[in-house]
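Input: a single structure, listed below in structure tokens.
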Amino acid sequence: MTLNDFKKRDCSGDYIFFDGEEKAENGWEAFQRVVKRTLKGELFVGLWVVLREMIRFDIHTLKYPSEKMQMGPRYRAIHKLLRLFESGNERCIGCGLCEKICIAQCIRMETRIDEKSRKEVSEYSINFGRCIFCGYCAEVCPELAIVHGIEYENASEQRAHFGLKEDMLTPLDTFRAKEQKEFSGFGALSDNADENVKQTPLAY
Ligand code: SF4
Ligand code: SF4
């Protein structure tokens, strides 16, 4: 293919034009069309397909909401802020890397120095109207503090209802009930992460 062929945007020669059916002008013509279509057997084919699916026992439809879809470990849903497994403290150290790398510029955070002269994240929010769920923030976080959850049932009056720190941070009750899994979600470590660690050579 030459460059000129490549640049050619007019592909109308390849189109297949379909004239379609003539519109029914009145009720009698509409009735005739219904009868014609019915006698073609399409209706019965459709009915047979529905009946066949109804009596099948190996259907793959989930009985939602009693059954939930199993999401893959790399599914990127609404973010979660995790706590340290041992102490329950927030993992986030306020380094700001996630805020810097976010290509949609939708992460905002505020930090302050607490009474023990330690940096504390006072506010953390993600504008989910702008987030494109690329996962960069979760991948870059050095503390594995922010990950993507697998929650896909996000019904709310506003997207902003998911985006504040208190929405994303594991609640202490949940944490105490040991429902927060260590390193779960996209951006965290895989189960076999230890096998992939390469030891730093110490002898030169
Ligand atoms: S997933 Fe991507 S767009 Fe969304 S907050 Fe993280 S870095 Fe920004
Ligand atoms: S979530 Fe991670 S990358 Fe973002 S400020 Fe906290 S520690 Fe840093």
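Remember, it's 1-based here, ligands and their atoms both numbered in the order they're listed.
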Checklist entry - Do His148 side-chain atoms and Ala77 backbone N/O form a donor-acceptor pair below 3.5 Å? => result yes

Checklist entry - Just heavy atoms, cut-off under 4.0 Å: does Arg91 contact ligand 2 by side chain, backbone, both, or neither? => result neither

Item to check | Proximity flag Ile107 to ligand 1, non-hydrogen atoms under 4.0 Å | outcome: yes

Next on the checklist: On a heavy-atom basis, which atom in Ile107 and which in Glu99 lie closest, and how many Å separate them?
Outcome noted: O-CG, 3.3 Å

Checklist outcome for this item: Ranked by distance from atom 4 (Fe) of ligand 1, the top protein heavy atom is Cys131 SG, 2.3 Å

Item to check | Under 3.5 Å: donor-acceptor pair, side chain of Asn192, backbone of Glu195 | outcome: no

Checklist outcome for this item: So the atoms of ligand 1 within less than 4.0 Å of a heavy atom of Cys137 turn out to be 1 (S), 5 (S), 6 (Fe), 7 (S)

Next on the checklist: Checking Arg83 against Leu169 for the side-chain contact (heavy atoms from CB on, under 4.5 Å) test, could you report, in this order, the C-alpha distance in whole Å, the side-chain angles of both residues, the deciding distance, and whether it holds?
Outcome noted: CA-CA 8 Å; Arg83 291 182 181 275; Leu169 185 64; 3.4 Å; yes

Checklist outcome for this item: Within 4.0 Å of some non-hydrogen atom of Met109, the atoms of ligand 2 are 5 (S)

Item to check | Pair Glu29 + Lys23: basic N to acidic O under 4.0 Å | outcome: no

Item to check | Cys106, Gly135, Cys102: member with heavy atom nearest to atom 1 (S) of ligand 1 | outcome: Gly135

Item to check | ligand 1 contact by Arg130, heavy-atom criterion under 4.0 angstrom | outcome: no

Atom pairs and distances, side-chain donor-acceptor, residues 130-137, under 3.5 Å, sequence neighbours left out:
{"residue": "Arg130", "atom": "NE", "partner": "Ala104", "partner atom": "O", "Å": "3.4"}
{"residue": "Arg130", "atom": "NH2", "partner": "Ala104", "partner atom": "O", "Å": "2.9"}

Checklist entry - Are the side chain of Ser66 and the backbone of Lys63 linked by a donor-acceptor contact shorter than 3.5 Å? => result yes

Checklist entry - Which residue owns the protein heavy atom closest to atom 2 (Fe) of ligand 1, what's the atom, and how far is it? => result Cys134 SG, 2.2 Å

Next on the checklist: Let's go through Lys165 and Met109 carefully: what are the C-alpha distance in whole Å and the side-chain angles of both, what is the deciding distance for side-chain contact (heavy atoms from CB on, under 4.5 Å) to 0.1 Å, and is it a yes or a no?
Outcome noted: CA-CA 9 Å; Lys165 183 180 168 191; Met109 57 191 298; over 6 Å; no

Checklist outcome for this item: So the atoms of ligand 1 within less than 4.0 Å of a heavy atom of Phe133 turn out to be 1 (S), 4 (Fe)

Next on the checklist: Can you name the atoms of ligand 1, numbered from 1 with element, that are less than 4.0 Å from a heavy atom of Ile132?
Outcome noted: 3 (S), 4 (Fe)

Checklist entry - Hey, is Glu153 close enough to Lys68 for a salt bridge, meaning N to O under 4.0 Å? => result yes

Next on the checklist: Quick check against the 3.5 Å criterion: does Tyr124 have a side-chain atom that pairs as donor or acceptor with the backbone of Gly94?
Outcome noted: no

Item to check | Chi angles and distances behind the side-chain contact (heavy atoms from CB on, under 4.5 Å) call for Phe162, Asn154 | outcome: CA-CA 8 Å; Phe162 307 108; Asn154 302 316; 3.6 Å; yes

Item to check | Shell of protein N/O/S atoms around atom 8 (Fe) of ligand 2, taken as anything under 2.8 Å | outcome: Cys95 SG

